[in-house]
Amino acid sequence: SQQGEEDPQALSIQEGENATMNCSYKTSINNLQWYRQNSGRGLVHLILIRSNEREKHSGRLRVTLDTSKKSSSLLITASRAADTASYFCAEDTSYGKLTFGQGTILTVHP
Amino acid sequence: ETGVTQSPTHLIKTRGQQVTLRCSSQSGHNTVSWYQQALGQGPQFIFQYYREEENGRGNFPPRFSGLQFPNYSSELNVNALELDDSALYLCASSLYGEETQYFGPGTRLLVL
């Protein structure tokens, strides 16, 4: 497979702190997407950033994209215990056929 | 809730057996994609169906096959099961040409 890398593999923070997760990918993309997964269940789409965008916001989420470095980051501000989950980035190189990274496990302590 | 449903939720099979997993897409969606997620890994793309035809395939052997029906629901069939097929199988529906996919809760398959 051509999975990208996510960093860190695991992140443990206190409620109220910010969480930053990074993703590197390998190919030219149409867009890059971030998903959340609770306890091995289905994935929930969080945010999509297109290849011609550099930054995008949605509520407490901020995503950046650097196509020259083939990297993206997801920032969750003012984290809550309910944000505890695994977070995945996914490259979309051919619409609908996603290549996922290995994920970051985020634990937010109350 | 995304409106995408999968059945069964859990399944136990033995090596060499065959399995069929089912997915009902969100209302109005005409494209279904299947992914395999091994424990501790990210999902891997198996294939996508659009208009009842396979529309792209990942690096999976032919014993992984699928169907899409006129109502856009879909099946994933795996023949000659191997221990490494143990995983969470996720389907995702979308409207063809749109970028966001909506995932079901998955079917957890254990091969003994």
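Hydrogens, waters and symmetry mates play no part in the numbers below; they use all other heavy atoms, side chains included. Model, not experiment: these values are computed from the prediction. Quick note on labels: first sequence line is chain A, next is B, and so on, each numbered from 1.
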Item to complete: Give me the one residue out of A:Leu61, A:Thr20, A:Asn18 that meets side-chain contact (heavy atoms from CB on, under 4.5 Å) with A:Thr77.
Response: A:Asn18
Worksheet item: Checking heavy atoms, do the side chain of A:Leu98, its backbone, both or neither come under 4.5 Å from chain B?
Response: both
Fill in: Expected output: side-chain B:Thr107 to main-chain B:Leu21 donor-acceptor under 3.5 Å
no
Fill in: Heavy-atom contacts under 4.5 Å, residues 76-94 of chain B to chain A
B:Leu88, B:Leu90
Discussion item. Looking at B:Glu99 and A:Arg50, is there a salt bridge between them, counting it only when a charged N and a carboxylate O are closer than 4.0 Å?
Written reply: yes
Worksheet item: By a 4.5 Å heavy-atom criterion (distance strictly below it), what part of A:Gln9 contacts chain B: side chain, backbone, both, or neither?
Response: neither
Worksheet entry | B:Gln37 portion near chain A, given a 4.5 angstrom heavy-atom threshold | side chain
Discussion item. Could you check whether any side-chain heavy atom of B:Phe64 comes within less than 4.5 Å of a side-chain heavy atom of B:Gln36, counting everything from C-beta outward?
Written reply: yes
Worksheet entry | Pairing residues for A:Glu15 by the side chain to side chain contact (heavy atoms under 4.5 Å, CB included) criterion, not counting sequence neighbours | A:Arg80, A:Ala81, A:Val108, A:Pro110
Worksheet entry | Proximal component of B:Tyr50, with respect to chain A [non-hydrogen, under 4.5 Å] | neither
Item to complete: Determine which residues belonging to residues 11-19 of chain B lie within contact range of chain A, meaning some heavy atom pair is under 4.5 Å apart, and list them by number or answer 'none'.
Response: none
Discussion item. With a sphere of 6.0 Å drawn around CD of B:Glu53, does it hold more than 12 non-hydrogen atoms of other residues, nucleotides or ligands?
Written reply: no
Discussion item. Do A:Lys69 and A:Tyr25 make a side-chain contact, defined as non-hydrogen atoms from C-beta onward lying under 4.5 Å apart?
Written reply: no
Worksheet item: Can you find a heavy atom in the side chain of A:Ile13 that is under 4.5 Å from one in the side chain of A:Ser79?
Response: yes
Worksheet item: Quick one: side chain to side chain contact (heavy atoms under 4.5 Å, CB included) partners of B:Arg22, sequence neighbours excluded?
Response: B:Ser7, B:Thr20, B:Glu75
Fill in: Side chains of B:Ser33 and A:Lys97 in contact at under 4.5 Å (non-hydrogen atoms)
no
Worksheet item: Do the side-chain N and O atoms of A:Ser12 and A:His109 include a donor-acceptor pair separated by under 3.5 angstrom?
Response: yes
